[in-house]
Amino acid sequence: MWDNIVPDNFIEEEILKDLKSGRAKEVITRCPPEPSGYWHIGHCKAWIIDFETAKKFGGYTNLRMDDTNPTKEDGDFANSYVNDLEWLGYTPKNVIYASEAYFEDIYKIAEDMIRDGKAYVCELSAEEVSQTRGTLSEPGIESPYRNRSVEENLKLFHDMRDGKFEDGKATLRAKIDMAHPNMNIRDPVMYRVMRATHYKTGDKWCIYPMYDFAHPMEDALEGVTYSLCDISFEDHRPLYDWFIANGWKGEYPPRQIEFSKLNLENVLLGKRYLKKLVNEGKVMGWDDPRYLTIVGMRRRGYTAEAIKEFIKSLGLSKCDSTIPFNALEYYIRADLNMKATRAMAVLDPLKVVITNYSGSEEIEIANNPNVENAGSHTSRFSNTIYIDADDFSLNPPPKYNRLVRGGMVRLKGAYIIRCNDVVYKDDGSIDHLVCEYLPNTKSGNDTSGIKVKGTIHFVSQDNCTEVTIRNFKNLIKDEYLDPSKALADGVDVDELLTPDSLTETTALVENYLLSAKPEDKFQFMRKGYYTLDKDSTADHLIFNNTISLKDGYKPQ
RNA sequence: UGGAGUGUAGCCAAGCGGUAAGGCCCGGGAUUCUGACUCCCGUAUGCGUAGGUUCGAAUCCUACCACUUCAGCCA
């Protein structure tokens, strides 16, 4: 049945072995966020693995809120995940709230474990537990409460649930091994007393299971067969397996497999840091286009497909890795190249007067020359136009293919022009260029036989509108390739920030863009990709610079 | 310094005893009414190091080295 599946990575290899040996019979995965923050590109990697792996083996994936700590969680986050997944193009089979779906069952499993002598109620304080845990090289000390009778433990555990202990006064602990070299195994806490209103279950519970106990039980209860997570949980796997072995009686036990997480150069994804900048008003919000949150990337103009292709291109391993940002940018450009509508925009206008032309006429601009049937839209040419200032040079560097005094260029979609004169302002700067056009050179209808080296974009005075452009630089200064390490080394967060990571400029765009809707994607030809920001109003458009085009021009 | 994990090109990453895939970056060229895209070509006598086994080793064995990670009643 599985014979024609070819594994693409070590996780799929492991799964295939299990399937063939009968250890597992299907592939059901889960994406298990704690609803306590917005998703970012790092989470994307995990969700892509969860969904793609299950899909490959004909299984499915659930979205499960791992909401076992009411002091940190919020239902708004949970809702955002459903939207983010949808945007990414994934539909979970079920949306589950662990608190609602499993708390009662997990509690019963805990009772069974007490009956089996596998768990005990401990009344050591948090500090005492910490002090008796031992160190990396020394064993811990067993709790004085470790050998209570089953009856006493059961009664005390019920007391915990019934609110007879104050917060922090008692825990349920797994009875494993206080001398184990893996610290996680030294009688880990399974339940703590915590009076907090849960966004989903309200005040129904005053005890909450810990991740290490809850997670494997949730997986098992849910029928999840593969619990894929990042490498930071590797040390927890023995515990995961212990809880499955000692707490769950089912036939096909879930299996945890870890992979390395995604790090990007110059990018900080820590929740604390993102939150701090939002609170201090240093960014526009969680969806700031400089953030690599899902909502931020979306607002910036990144596409879900580009993000997915990027992550898939990275492969899967357990090695620590940090990916250069330009690896992501490649996929953003590649996807936008096929999706963005071409348009003309002049970012730094220089006026050009065409002396031998009068009036105005329509021209056609292909919406996307790389896509068949993308169609075209109408723009205009007239005797007064604007070109970008850097497309004209008084002292052209070598191999400069744009407009120079006495030289010719083609205006995209219109005519070839020649620059005959330069008119200066009183301060010595250029006021405008005086040009002539070559009448028989119109695009698509050129009978002149004249070849020019350069084609530049422009807008016509009678067909353009001023808009705001938001330009972004990396939030983190270039020299901090690993900002989390810098932070750990004591560098202040503010020191990491690029001072002018957001700048606003204006541009003249062809009027075709007036009908754009938020999130519409455009390529401003020869410049970059832009998307309309949600802050735009009918008479004031704001475009976010998603990413520039590559510039292969190297003078010399 | 106890446990766990990882070392293949500048960055990722295939490879699973038969003589180092691919992608990004970079360099060169072609093409181009976007200096984009596209298309060619080039980039590890070498796989953390040192030994060993073998006709043959990135793959097996031994030792060592480096890096990451774990001492929440967080997830």
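In this text, all values refer to a predicted model and were calculated from it rather than measured experimentally. So you know, we letter chains A, B, ... as the sequences are listed, proteins then strands, and number each from 1. Worth knowing before you read on, the calculation uses all heavy atoms, side chains too, and leaves out hydrogens, waters and symmetry mates.
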Enquirer: How far, in whole Å, is B:rU69 from B:rG29 if one measures between their C1' atoms?
Expert: 47 Å
Enquirer: Just checking A:G528: base, sugar-phosphate only, or nothing, at a heavy-atom cut-off of under 4.0 Å?
Expert: nothing
Enquirer: Please give the distance between the C1' atoms of B:rU19 and B:rG23 as a whole number of Å.
Expert: 24 Å
Enquirer: Base, backbone or nothing for each nucleotide of nucleotides 25-32 of chain B, written B, S, -, heavy atoms under 4.0 angstrom, 5' to 3'?
Expert: S-------
Enquirer: Can you tell me the base-pairing partner of B:rG7? Count Watson-Crick or G-U wobble geometry only, both distances below 3.5 Å, and say none if there is no partner.
Expert: B:rC65
Enquirer: When rounded to the nearest Å, what value does the distance between P atoms of B:rC40 and B:rG22 take?
Expert: 13 Å
Enquirer: Across nucleotides 69-75 of chain B, 5' to 3', mark each nucleotide with B, S or - according to how protein heavy atoms within less than 4.0 Å reach it.
Expert: SBBSBBB
Enquirer: Specify the residue among A:P7 and A:R237 whose closest nucleotide of RNA chain B lies further upstream toward the 5′ end.
Expert: A:R237
Enquirer: Under 4.0 Å, counting only non-hydrogen atoms across every strand here, what does A:K485 touch: a base, just sugar-phosphate, or nothing?
Expert: nothing
Enquirer: Could I get the full list of salt bridge (charged side-chain N to carboxylate O under 4.0 Å, His left out) partners for A:E14, not counting sequence neighbours?
Expert: A:K17, A:R255
Enquirer: Which part of the nucleic acid, if any, lies within reach of A:K412 when heavy atoms closer than 4.0 Å are counted: base, sugar-phosphate only, or nothing?
Expert: base
Enquirer: Give me the distances for all protein-to-nucleotides 8-12 of chain B N/O pairs that come in under 3.5 Å?
Expert:
from   : atom 1 : to     : atom 2 : distance (Å)
B:rC11 : O3'    : A:T322 : O      : 3.3
B:rC11 : O2'    : A:T322 : O      : 3.0
B:rC12 : OP1    : A:T322 : N      : 3.1
B:rC12 : O2'    : A:L314 : O      : 3.1

Enquirer: What's the gap between B:rU6 and B:rG48 when it is taken at their P atoms, as a whole Å value?
Expert: 14 Å
Enquirer: Applying side chain to side chain donor-acceptor pair (under 3.5 Å), which residue pairs with at least one partner in residues 234-243 of chain A are found, sequence neighbours left out?
Expert: A:D212-A:H236, A:D219-A:Y240, A:E234-A:K318, A:R237-A:E258
Enquirer: What distance, rounded to whole Å, do you find between the two C1' atoms, one in B:rC26 and one in B:rC12?
Expert: 15 Å
Enquirer: When we call it a touch if two heavy atoms are under 4.0 Å apart, what does A:G140 touch: a base, just sugar-phosphate, or nothing?
Expert: nothing
Enquirer: What does A:R342 touch in the nucleic acid at a heavy-atom separation under 4.0 angstrom: a base, only the sugar-phosphate, or nothing?
Expert: base
Enquirer: Take atom C1' in B:rA57 and the same atom in B:rU49, then report the distance between them in whole Å.
Expert: 16 Å
Enquirer: With no angle test and no hydrogens, is the base of B:rC16 tied to the side chain of A:E13 by a donor-acceptor pair under 3.5 Å?
Expert: yes
Enquirer: Taking atom C1' in both B:rG42 and B:rU54, what distance in whole Å separates the two?
Expert: 36 Å
Enquirer: List the steps, then state whether side chain to side chain contact (heavy atoms under 4.5 Å, CB included) holds for A:F325 with A:N266.
Expert: CA-CA 7 Å; A:F325 203 76; A:N266 262 303; 5.6 Å; no
Enquirer: Partners of A:Y302 by ring pair (Phe, Tyr, Trp, His ring centres under 6.0 Å), sequence neighbours excluded?
Expert: none
Enquirer: Step through it carefully: locate the ring centre of A:F213, locate the ring centre of A:F243, and say whether they are under 6.0 Å apart.
Expert: yes
Enquirer: May I ask you to say what A:Q523 touches in the nucleic acid, namely base, sugar-phosphate or nothing, with a heavy-atom cut-off under 4.0 Å?
Expert: base
Enquirer: Mind checking A:I416 for me? I need base, sugar-phosphate or nothing, with any heavy atom below 4.0 Å counting as a touch.
Expert: nothing
Enquirer: Tell me what A:R402 touches on the nucleic acid: a base, only sugar-phosphate, or nothing, going by heavy atoms under 4.0 Å.
Expert: base
Enquirer: Within the 4.0 Å heavy-atom criterion, would you say A:P238 contacts the bases, only the backbone, or no part of the nucleic acid?
Expert: nothing
Enquirer: Between B:rC25 and B:rG10, how many Å separate the two C1' atoms, rounded to a whole number?
Expert: 7 Å
Enquirer: With a 4.0 Å cut-off on heavy atoms, is A:F165 in touch with a base, just the backbone sugar-phosphate, or nothing at all?
Expert: nothing
